Peer 1: 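I am attaching a structure below and will ask some questions about it afterwards.
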Amino acid sequence: MSEAIPYTVDIRPDTGLNNVKLGMWLFLASEVMLFGALFAGYILLRVGSEDWPAGNSILNVPLATLNTIVLITSSVTMVMSWASLLRKSFDKYRLYMGATVLLVVVFLVIKTIEYSAKFDHHLYPSTSTFLAIYFTLTALHGLHVIGGMAVNAYLWGPGAKMWRSAPEQFTNRVEAAGLFWHFVDLVWIFLFPVLYLL
Amino acid sequence: MTTHDTAEIDKHVRTYILVFVGLMALTLVTVAVSYLDLSIAAGVGLALLIAAVKGSLVACFFMHLINERKLILAVLLFTVLFFLAVLLLPVLTQSNAVEI
């Protein structure tokens, strides 16, 4: 009996998809509900509050705008790394995936600067309801960023050995990692105006 | 994508770059709009509309939903319905608030 996981490359006849892509999309569907519950929490807290501060009066909008630009750029380099594998150009893949990982590091550094500034001013999650939901949402998003960075760094480094032995399976892995990464970008696209600008 | 000929990939890459430019422009518009003197309802509506357009661009082109299999679209349709139901819960709570 073969020990290989089935349908990592081949298309399953009943779903018309390989299991990598379907599995990732089902996971992302559960992620939508996770963030959905927290967004609902945000709405509940905001509409129930008599005095809700404007995000830009407490948070650093220029830094968050820069982080938005960094994250969107990382989404493009991610999709370009996958397109490079389709073109059988491994060197370009390494370049784009490396750029993606570096951009993630930049995002996390900027986020750390933001958090440090808040703590320096004695602004903690316990300070106000607004800061509580701000830290909850951005920290959960930050954990996703760190998770995505770990996977991308693995696929750039040791995991890239698979390109020589099973290129199609490796390409599918990068595509799945890309789907997750674009989701992380998508969540930030909503978090940015909701927390910083409204 | 099931077939990966060079011309098709080149076309996709051009699309990625166009979407990237669009996302950058919309990010700047989002920030600019936040400085306008709008009512809360208009400000929230406009910011969420721009975010929805940006999110759709990412989902359709970077995540390739624009030419994805129906099974995935069906899964996402249910996800969106449940997501909207969850977002509606706070509104329902407010409509049934008890005066203290």
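Letters go in sequence order (proteins before strands), and every chain restarts at 1. Just so it is clear, the values below take in all heavy atoms, side chains as well, and ignore hydrogens, waters and symmetry mates. Predicted model, so just to flag it, every value in this text is computed and none were measured.
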Peer 1: Report yes if the side chains of B:Thr6 and A:Lys88 come closer than 4.5 Å at any heavy-atom pair, otherwise no.
Peer 2: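 A side-chain contact under 4.5 Å is absent here.
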Peer 1: Can you find a pair of side-chain heavy atoms, one from A:Val76 and one from B:Met24, that are under 4.5 Å apart?
Peer 2: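 A side-chain contact is absent here, since even the closest heavy-atom pair is not under 4.5 Å.
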Peer 1: In terms of heavy-atom proximity below 4.5 Å to chain A, should B:Leu71 be classed as side chain, backbone, both, or neither?
Peer 2: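 B:Leu71 touches chain A through side-chain heavy atoms alone.
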Peer 1: Tell me, for B:Leu65 versus chain A, whether the close heavy atoms (under 4.5 Å) come from the side chain, the backbone, both or neither.
Peer 2: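 For B:Leu65, the side chain is the part near chain A, not the backbone.
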Peer 1: Which heavy atom of A:Ala40 sits nearest a heavy atom of B:Leu87, and at what distance?
Peer 2: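 Nearest heavy atoms, A:Ala40 then B:Leu87: N-CD2, 3.8 Å.
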Peer 1: Using the ring of each side chain (for Trp, its six-membered ring), is A:Phe39 parallel, tilted or perpendicular to B:Phe83, with breaks at 30° and 60°?
Peer 2: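 Geometry flag for B:Phe83 against A:Phe39: perpendicular rings.
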Peer 1: So which part of A:Leu179 gets closer than 4.5 Å to some heavy atom of chain B, the side chain, the backbone, both or neither?
Peer 2: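 For A:Leu179, the contact with chain B is made by backbone and side chain together.
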Peer 1: Could you check whether any side-chain heavy atom of A:Lys21 comes within less than 4.5 Å of a side-chain heavy atom of B:Arg69, counting everything from C-beta outward?
Peer 2: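 Contact flag for A:Lys21/B:Arg69 side chains = no.
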Peer 1: What residues form a salt bridge (charged side-chain N to carboxylate O under 4.0 Å, His left out) with A:Arg87, not counting sequence neighbours?
Peer 2: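 Applying salt bridge (charged side-chain N to carboxylate O under 4.0 Å, His left out) to A:Arg87 gives B:Asp10.
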Peer 1: Looking only at heavy atoms and a cut-off of under 4.5 Å, which of B:Leu26, B:Val80, B:Leu48, B:Val44 has the most pairs with chain A?
Peer 2: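 Most pairs with chain A among the choices: B:Val44.
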Peer 1: Side chains of B:Phe20 and A:Thr73, heavy atoms from C-beta outward: is any pair under 4.5 Å?
Peer 2: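 Result yes, sub-4.5 Å side-chain heavy-atom pair found.
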Peer 1: If you look at every heavy atom in B:Val13 and A:Ala83, which pair is closest and at what distance?
Peer 2: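 Smallest heavy-atom distance, with atoms named: CG2-CB, 4.1 Å.
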Peer 1: Where does A:Val32 contact chain B at under 4.5 Å (heavy atoms): side chain, backbone, both or neither?
Peer 2: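 Both backbone and side chain of A:Val32 come within 4.5 Å of chain B.
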Peer 1: Using the side chain to side chain contact (heavy atoms under 4.5 Å, CB included) rule, take B:Leu76 and A:Trp25 through it: C-alpha gap first, then chi angles, then the decisive distance, then the call.
Peer 2: CA-CA 8 Å; B:Leu76 291 178; A:Trp25 272 113; 3.6 Å; yes
Peer 1: With ring centroids as reference points, do B:His12 and A:Trp82 lie under 6.0 angstrom apart?
Peer 2: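 Aromatic pair excluded; centres sit 6.0 Å or further apart.
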Peer 1: Side chain from CB out, backbone as N, CA, C, O: work out which of these in B:Leu23 comes under 4.5 Å of a heavy atom of chain A, or both, or neither.
Peer 2: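 Contact with chain A: backbone and side chain both.
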Peer 1: Please determine whether residues A:Val101 and A:Val109 belong to a single hydrophobic cluster, defined as Ile, Leu, Val, Met, Phe, Trp and Tyr linked transitively by side-chain heavy-atom distances below 4.5 Å.
Peer 2: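 Yes, same cluster.
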Peer 1: Under 4.5 Å, counting heavy-atom pairs only, tell me which of B:Val86, B:Ile72, B:Thr30 racks up the most with chain A.
Peer 2: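 With the most close heavy-atom pairs to chain A, the winner is B:Ile72.
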Peer 1: Using non-hydrogen atoms and a 4.5 Å limit, figure out which bit of B:Tyr35 sits close to chain A: side chain, backbone, both or neither.
Peer 2: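 Just its side chain gets close to chain A.
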Peer 1: Does anything in residues 185-198 of chain A get under 4.5 Å of chain B by heavy atoms, and if so which residues?
Peer 2: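 Residues of residues 185-198 of chain A touching chain B at under 4.5 Å: A:Asp185, A:Leu186, A:Ile189, A:Phe190, A:Phe192, A:Pro193, A:Val194, A:Leu197, A:Leu198.
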Peer 1: Flag the pair A:Phe183 / B:Met63 as yes when at least one side-chain heavy-atom distance between them is below 4.5 Å, and no otherwise.
Peer 2: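 With C-beta onward as the side chain, the pair touches.
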